[in-house]
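These notes concern the structure reproduced below.
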Amino acid sequence: MTYRTFIKSWGALLLVPFLLTSILIGVSSGAVIDSWLRAEVKVIPVGVFGNHSSITMWGYAKCAAGFTNCTTATVPGPTLTAAAGDTLNIHVFNNISGSYKEPTSVVIPGQTKTMAPVWFNPATGAVTATGSRPAGDVTSRVRSFDAETQFRQTTTYTWPSLRSGTYLYESGTHPAVQVQMGLYGPLIVGAGAGPEATLLFSEIDPVLHAAVSNGDYGPGKTVTSPTGYRSQYFLVNGLPYSASSPAVAAGSPGQTVRLRLLNAGLEPKMPTLQDPHHLLPPTNQYMTVIAEDGNVLPHRRLQYSHLLPPGKTLDATITTQPNAAGGGNIVLYDMKLNLSNGPFSPGGALINLNVGPLPAVMALPSVLNFGAVPLFRPTQMVVAIKNDGLMPLIFTSATITGPSRAEFRPPILGLTTIPPGTSSSLTVLFRPTTEGPKSAALTLISNDPNLGTVTIPIFGNGY
Amino acid sequence: MKRTAFKNGIPVLLMVMMLCLLLPVSSHAVINGLTGALGTPVFNFTAKDGHIRSGDGDSIYMWGYAPTNTGVMQYPGPTLIVTVGDVVTINLTNQLPLPVSMVFPGHSVTAVQVTGTAIAGLLTTEVPPDKGATTVSYTFTASQPGTYTYYSGTRPDLEVEMGLVGTLIVRPTGFNPATVPGRIAYNDPIIPTTPPAAVATAQLSSYDREYLFFLSDIDVNIHKQVELGQYYLVDTTNRHATSWFENGRNFPDTMADENAAYLPSQPYSAMPQMHPGERVLIRLVGAGRDLHPFHTHGQNHLIIARDGRLLNNALSNTGIPDLAVSDFTTTSIPGETVDEIWGPWTGAKLGWDAYGPAAGIPLLGIPAHTCTPGPGGFDITGQAGHNMFEYCPDHNKPFPVSLPDQTSLTFGQMYGGTPFLAVFGALPPVNVRQNQQGAMTFMWHSHAEREITTNNIFIGGMATMAFVLPYTTASGVPIIIDQFKP
């Protein structure tokens, strides 16, 4: 067969789109990475971070090939990693069950692929087209940026050649509802050799989640749209700061750490550094932003906090100095000051970057105020002793000192060894025997190299 | 008047005028604040409560830092002014019902319990609510010049909202407000200037006057709840800002005196004043929880630094800010600071002679003026200061519009009566003239327009007027800008 005959027969049909695709996207030069993600309901039980009701989320479960051996769904979804030039196939299985169901998809802003947007008729809800808007149709709207995956169906989304950098993968279908429900996760293309920490910020509006989970969301329902979005929980890597929230590893003293900051929420964040244990050089308490949305910046930016609007990713470096204590925590918190869990404080968008790794003690609350207590009535308060670090925290003593110590029963320590990211409770009993203001202090001694002795002031008033 | 006396009078008048020009202008604006001993300044603060006045006369309950020498809580907290290399110490005690503390972003702080029982907080060491029994000292080295902020690191969602926030200014080496080369914000290199400039070389961070723009927002409902003692019940996730401030005041109080007696807890004014040809440093501090688009009418400003670091490709704080950006609106971001230079304003290319007709207006007693072009076409020698820095290519260009009859017009309160600097004109009977020097006035405000209201009334909130004042009145009397007078 001659070349001319080949083209005339079936080659033309295949060659032209292939050539176009190659010109537009580039021929992949790397490995093929496959990820199997099952999108499904994930429930946050009562009390995980002070929430009075359980919260229904939509998350991604990480599965092995063919959706076998799926883990529990997480929010954010599992971190996907690849190298620049790799082909990425995300196989999505839509397992989002419940009273309110929608088809779903996955998009990665900043990574190129051929998209097939889905158009629908808003009056009937029926799909009218995929791809371009049908000629003459002025009423159809796009509800999905890419092909939809129906309930209990699977679709494979392919990015032929990934660009390096930090990206968000998230639902591309009805994103106003689905992304804030929890369908987001980080994609890291081209991780470097040094230590890195991924910090993904987001929020939860529990009222909107409850409406979706109860089938009470949509036109004619109690919550008709997300325009009344009012976030009450502010998350870093899926959890607000609380008595049980983990720190993030940030190398060991003297290393340069690459912070990958992502905002999958709907509100701007301003991550800000605080260095109470002098782990950063005194002359450089700043983050150097080196990339934005996966683009290496031609001019770096040096600030102690950086604006991270919704959807934005930033890569920023910090360099710690050799530290006599061997490390400790650097605090990263949102200067938008969403730092409570509803009315409870501390909380919200605050996370510790643990250099070491080392244990780190934190008493919550940090001061005990019994207020006015009738004489001889035993009253107790609970202190949560949290390990804010990444190694076990071991207590050797807990004593009460001070002028009124006789009126405070010695504390009972629940655990003497506290695993990372968890808390143990400690009960202090106050039984005033005389009237008037009382003061004392609870002293805790542990293996925290920076705060080996922690003192919690105690106040009370006998009447 | 007897001709002899008049003849003798003129030389005396000229001498007085010349003396005024030769004397160093003593009040080049310097930001009001607390300074301490050079090298090791020590400040003593108490966290306590108080009230501030809103622009419509309402009273808002606040928590703030009070310098112990006055004992008066102020909003914003005292502006600390130190020199690069200083080892700065602040001793803090607490009269509030919750623990408090101080954090200094960008600085490595050692927090130490001096007396009493300090608390190990999430962000830093804290002072418990023990009515002054505990003192914590916060010590850091001001290693770089620039504009910074400080605020409570304890429950900042509540305590910054309540007012525990202020500004830290670090002066560069060689700073001297009394000299031309001494008015600098950083130690960047001296480079050739561009017209109009009165000197041939200067630093890009050099300026003639500096003004603080501390932008904040509060939710008055939270303040009411705290005033009722319900601070434990406050849910800051419900926060919705309804009141907006520049330097702790709503318009029009932004234009009241510095240290106005009727605003005892709001000592800082926000009314920039400058002469044509002057460069004004704006120290912009994001002190609330919301972003604000800070907009300077009149012309662009040049953003030279953020968070105390010059915008410089080499990330050097002693290099030329070669990444400086000219803009007319800068987003003020919570916790972040920006240094930007507005000016020099000259009226160049407005399209008309900003000083009026060259022949003057004899009916109004306005003298004639000429323009001698220097570098760039600007008259930097001036004529007894009246039209100093005039842009000569615009000299004697007529005002391009014929204004309708007075009875068909109404004007804003800042209009002097003519579109010419230092030239007054008649105003319609109903109009009030707030512009006493024939200045050009420009609103510097948040461009999120709902933020320039107080209790739903325009104009209020986060707004002020900047005044470009002529060097002299039309009859030649020098206009001296005193930073602390309107």
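In what follows, chains are A, B, ... by sequence order, proteins preceding strands, each numbered from 1.
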**Study point:** Candidate pair B:S205 and B:D188, rule side chain to side chain donor-acceptor pair (under 3.5 Å), full reasoning
**Key:** CA-CA 7 Å; B:S205 78; B:D188 46 312; 2.6 Å; yes
Exercise for review: Apply side chain to side chain contact (heavy atoms under 4.5 Å, CB included) to B:L92 and B:Y65, showing your working.
Suggested key: CA-CA 9 Å; B:L92 182 66; B:Y65 295 108; 4.0 Å; yes
Study note, to complete from the structure: Bottom line for B:A118: the part with an atom under 4.5 Å from chain A's heavy atoms is backbone
Exercise for review: Using only heavy-atom distances, determine whether the side chains of B:H240 and B:D219 contain a donor-acceptor pair under 3.5 Å.
Suggested key: no
Check your understanding: Where along residues 141-150 of chain B does a heavy atom come under 4.5 Å of chain A, listed by residue number?
Key -> B:S143, B:Y148, B:T149
Exercise for review: Could you tell me whether the side chains of B:E126 and B:T154 share a donor-acceptor contact shorter than 3.5 Å?
Suggested key: yes
Study note, to complete from the structure: From the list B:I119, B:D307, B:D235, the residue making the most non-hydrogen contacts under 4.5 Å with chain A is B:D307
Exercise for review: Start with the C-alpha gap between A:R301 and A:E292, add the side-chain angles, then the distance that decides, and say whether salt bridge (charged side-chain N to carboxylate O under 4.0 Å, His left out) holds.
Suggested key: CA-CA 10 Å; A:R301 297 199 289 264; A:E292 180 173 337; 2.9 Å; yes
Point to revise | Donor + acceptor pair across side chains of B:E161, B:H223 (<3.5 Å) | key: yes
**Study point:** Side chain, backbone, both or neither of B:Y151 within contact of chain A (heavy atoms, under 4.5 Å)
**Key:** side chain
Exercise for review: Can you tell which part of B:L311 gets under 4.5 Å to a heavy atom of chain A, answering side chain, backbone, both or neither?
Suggested key: neither
Review point. How about A:Q321 and A:H278: does a side-chain donor come under 3.5 Å of a side-chain acceptor?
Key: no
Practice item. Would you please say whether a donor-acceptor pair under 3.5 Å links the side chains of B:T46 and B:T93? Key: yes
Exercise for review: Take A:T399 and A:L442 through the test side chain to side chain contact (heavy atoms under 4.5 Å, CB included) and record every step on the way to the result.
Suggested key: CA-CA 6 Å; A:T399 53; A:L442 171 63; over 6 Å; no
Review point. Under 3.5 Å, is there a donor-acceptor pair between the B:R289 and A:N338 side chains?
Key: yes
Review point. Between the side chains of B:T134 and B:Q113, does any donor sit under 3.5 Å from an acceptor?
Key: no
Check your understanding: Can you tell if the side chain of A:I458 reaches within under 4.5 Å of the side chain of A:F370, non-hydrogen atoms only?
Key -> yes
Check your understanding: Is it the side chain or the backbone of A:L451 that comes within 4.5 Å of chain B heavy atoms, both, or neither?
Key -> side chain
Check your understanding: Which distance, rounded to the nearest 0.5 Å, do you find between the CD1 of B:I303 and the OG1 of B:T331?
Key -> 8.5 Å
Study note, to complete from the structure: In this structure, CG of A:L314 is separated from CD1 of A:I290 (nearest 0.5 Å) by 10.5 Å
Review point. Can you list the steps and then say if A:F459 with A:V367 is a side chain to side chain contact (heavy atoms under 4.5 Å, CB included)?
Key: CA-CA 8 Å; A:F459 304 101; A:V367 59; 3.6 Å; yes
Check your understanding: Heavy atoms under 4.5 Å from chain A: which residues of residues 94-107 of chain B carry them?
Key -> B:P99, B:V103, B:P105, B:G106, B:H107
Exercise for review: Report yes or no: does A:N447 contribute a side-chain atom to a donor-acceptor pair with the main-chain N or O of A:L358 at less than 3.5 Å?
Suggested key: no
Review point. Taking non-hydrogen atoms and a cut-off under 4.5 angstrom, which of residues 344-353 of chain A neighbour chain B?
Key: A:S345, A:P346, A:L350
**Study point:** Closest non-hydrogen atom pair between B:I320 and B:N312, with its separation
**Key:** O-ND2, 2.5 Å
Point to revise | Toward chain B, the part of A:T288 with a non-hydrogen atom under 4.5 Å | key: side chain
Point to revise | Test item: side-chain donor near acceptor, A:E203 and A:S231, under 3.5 Å | key: no
Point to revise | Structural part of B:L123 lying under 4.5 Å from a heavy atom of chain A | key: both
Review point. So what's closer than 4.5 Å to chain B heavy atoms on A:N329: side chain, backbone, both or neither?
Key: neither
Point to revise | A:K336: which of B:D217, B:D157, B:D290 passes salt bridge (Lys or Arg N to Asp or Glu O under 4.0 Å) | key: B:D290
Practice item. Output the residues of residues 267-276 of chain A for which the shortest heavy-atom distance to chain B is under 4.5 Å, in residue-number order; output 'none' if no such residue exists. Key: A:P268, A:M270, A:T272, A:Q274, A:P276
Practice item. Begin from the C-alpha positions of A:L339 and A:Y333 and carry the test side chain to side chain contact (heavy atoms under 4.5 Å, CB included) through to its verdict. Key: CA-CA 8 Å; A:L339 298 174; A:Y333 64 100; 4.1 Å; yes
Study note, to complete from the structure: Note: vs chain B, highest number of non-hydrogen pairs under 4.5 angstrom among A:P298, A:S305, A:P281 is A:S305
Point to revise | Ring centroid separation B:F214 to B:F245 under 6.0 Å | key: no
**Study point:** Interface moiety of A:Y233 toward chain B, non-hydrogen atoms closer than 4.5 Å
**Key:** neither
Point to revise | Proximity breakdown for B:P128 and chain A, heavy-atom pairs closer than 4.5 Å | key: side chain
Practice item. Would you check if A:L332 and A:L261 make a side-chain contact, meaning some heavy-atom pair closer than 4.5 Å? Key: yes
Check your understanding: For residues B:H295 and B:T329, is any side-chain donor paired with an opposing acceptor at under 3.5 Å?
Key -> yes
Exercise for review: Would you mind checking which part of A:H277 comes under 4.5 Å of any heavy atom in chain B, side chain (CB onward), backbone (N, CA, C, O), both or neither?
Suggested key: neither
Practice item. Please determine, among B:T125, B:V109, B:T124, B:L315, the option with the most heavy-atom pairs under 4.5 Å with chain A. Key: B:L315
Point to revise | Under 4.5 Å from any heavy atom of chain B - which part of A:R230 | key: side chain
